[in-house]
Amino acid sequence: MIDLHVHSTCSADGGASIADYARRAQELALAEVGMCEHADFDQRDRSYRYMDLARYDQEIAAARAIAPEVRLRQAVEITYQANLEAEIRAWLAVKRWDYVIASVHLVDYRDGWAMVSEQSAVEAYFSKHSQHQAYLPYFEELLRAARSGLGDVLGHFDLVKRYGTEHYGRLEPEAFADEIRAVLRAAVETGVGLEINTSGLRQAPGEPYPGLTVLRWYREMGGEIVTVGSDAHLVEHLAVGTDQALAMALAAGFTAITTFEARAPRWITIGDLGSGDTFLQPDGS
Ligand SMILES: [Zn+2]
Ligand SMILES: [Zn+2]
């Protein structure tokens with residue numbers, strides 16, 4: 001089993017050390033965990049300049065000594081902002097990451113400030129906008145994120161439904177089909193993957209980010225890169241929901257999920273997970 005989206009106390013909002021996750025991964029017999037910390041580039045963000053790369057490297061090394069059988073990947077989740085692309089690109093270049101998750105966490109950051117993962121801020125935003133008005137800027141920014149080539153994977157594809165579900169009801173992908181398909185097309189063209197982020201299972205949407213429909217569209221359009229992540233900020237959430245994510249990947253037509261080493265994708269056949277994994281080359285051999 002594998003979990004490629006995990007936050008430790010190296011992120012401003014993480015609640016457990018990398019060593020704690022390594023011990024939990026041992027208990028769960030996980031093959032691989034991606035320590036994917038937040039990196040945010042807007043001064044208004046509480047994570048701004050929080051990540052300390054030297055500390056992160058030290059904690060990873062210590063955790064590898066504790067749990068040598070768990071492959072610990074070194075990753076980062078950037079908050080994508082179109083106006084900060086050059087700065088993000090320069091920051092990413094200072095380290096050899098296994099992979100980068102590009103996420104949209106903000107809408108309206110030019111005129112206001114609405115963090116789609118923070119209930120009070122986004123509720124105020126939703127209360128002034130229709131669902132279409134509120135969600136369109138999110139998907140437009142996600143399209144720019146896909147085109148930017150900054151990330152190997154787009155994080156929690158439809159995070160806007162996290163608090164939007166309570167406000168507007170269920171996100172029906174068909175209502176945003178043009179916008180969502182434009183993002184998926186850009187992802188296929190630029191070789192950016194999607195993750196099945198299982199945190200949505202324990203939040204209001206009751207399904208991962210994204211749900212099955214979007215994942216199917218991505219597959220039908222030729223998408224091949226799908227990772228699985230819990231977005232754990234606490235040890236007890238490590239790998240929670242990954243079974244459902246794998247079942248969803250199969251239902252969408254994928255036979256393998258993806259991991260990365262030094263920003264190169266590798267595929268693991270889903271049936272082989274848990275019994276010693278088999279890596280596939282990009283051509284499927
Ligand atoms: Zn995120
Ligand atoms: Zn995250």
Side-chain angles (χ1 to χ4, degrees), residues 2-18 20-21 32-42 44-48 50-51 56 72-82 84 88 92 97-107 109 113-119 121-122 135 138-139 141-142 144-146 148 150-165 171 183 187 192-205 207-210 214 226-242 245 259-260:
I2 188 167
D3 185 344
L4 289 193
H5 193 145
V6 179
H7 297 277
S8 77
T9 43
C10 289
S11 295
D13 57 358
S17 69
I18 296 175
D20 289 339
Y21 283 112
E32 184 163 332
V33 173
M35 296 310 307
C36 185
E37 311 293 354
H38 285 295
D40 299 310
F41 300 88
D42 193 304
R44 293 168 290 184
D45 200 302
R46 73 166 161 153
S47 298
Y48 180 66
Y50 184 87
M51 192 175 177
Y56 175 73
L72 282 181
R73 299 290 188 199
Q74 292 197 264
V76 67
E77 178 185 16
I78 58 162
T79 296
Y80 175 81
Q81 283 181 250
L84 297 176
I88 297 169
L92 286 173
W97 303 100
D98 283 320
Y99 58 95
V100 175
I101 295 183
S103 294
V104 173
H105 293 119
L106 305 163
V107 285
Y109 58 80
W113 182 257
M115 196 151 207
V116 293
S117 54
E118 237 164 59
Q119 190 161 18
V122 82
Y135 286 13
Y138 175 86
F139 286 120
E141 187 78 336
L142 195 63
R144 290 187 280 267
S148 75
L150 286 171
D152 302 295
V153 173
L154 294 175
H156 39 62
F157 188 93
D158 48 11
L159 181 70
V160 75
K161 76 187 178 191
R162 176 171 176 179
Y163 295 110
T165 296
L171 166 64
V183 179
V192 179
L194 260 56
E195 67 164 355
I196 304 175
N197 186 307
T198 64
S199 65
L201 288 165
R202 50 183 198 267
Q203 295 164 355
E207 65 171 16
Y209 308 105
V214 173
V226 170
T227 65
V228 171
S230 67
D231 218 337
H233 288 67
L234 300 168
V235 164
E236 49 267 41
H237 287 151
L238 182 65
V240 169
T242 47
T259 181
F260 294 87

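Keep in mind it's a predicted model, so treat the numbers as computed, not measured. Note that these values count all heavy atoms, side chains included, but never hydrogens, waters or copies made by symmetry. All ligand and atom numbering here is 1-based and tracks the order in the structure.
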*asked:* Between His38 and His233, is the ring centroid distance below 6.0 Å?
replied: yes
Answer key: the N, O or S atom of Glu77 nearest to the Zn ion (ligand 1) is OE2
- Message: I'd like to know if the Zn ion (ligand 1) has an N/O/S atom from His156 within less than 2.8 Å of it, counting both backbone and side-chain atoms.
- Response: yes
Whether Tyr209 and His156 hold their rings parallel, tilted or perpendicular, with breakpoints at 30° and 60° = perpendicular
Exercise for the section: Could you verify whether a donor N or O on one side chain and an acceptor N or O on the other, from Ser117 and His105, lie under 3.5 Å apart? Expected result: no
Closest to the Zn ion (ligand 2), among the N/O/S atoms of Asp231, is atom OD1
* To do: Tell me, please, if His7 has any N/O/S atom, main chain or side chain, under 2.8 Å from the Zn ion (ligand 2)?
  => yes
Legend entry - Min side-chain heavy-atom separation Asp231-His7 under 4.5 Å: yes
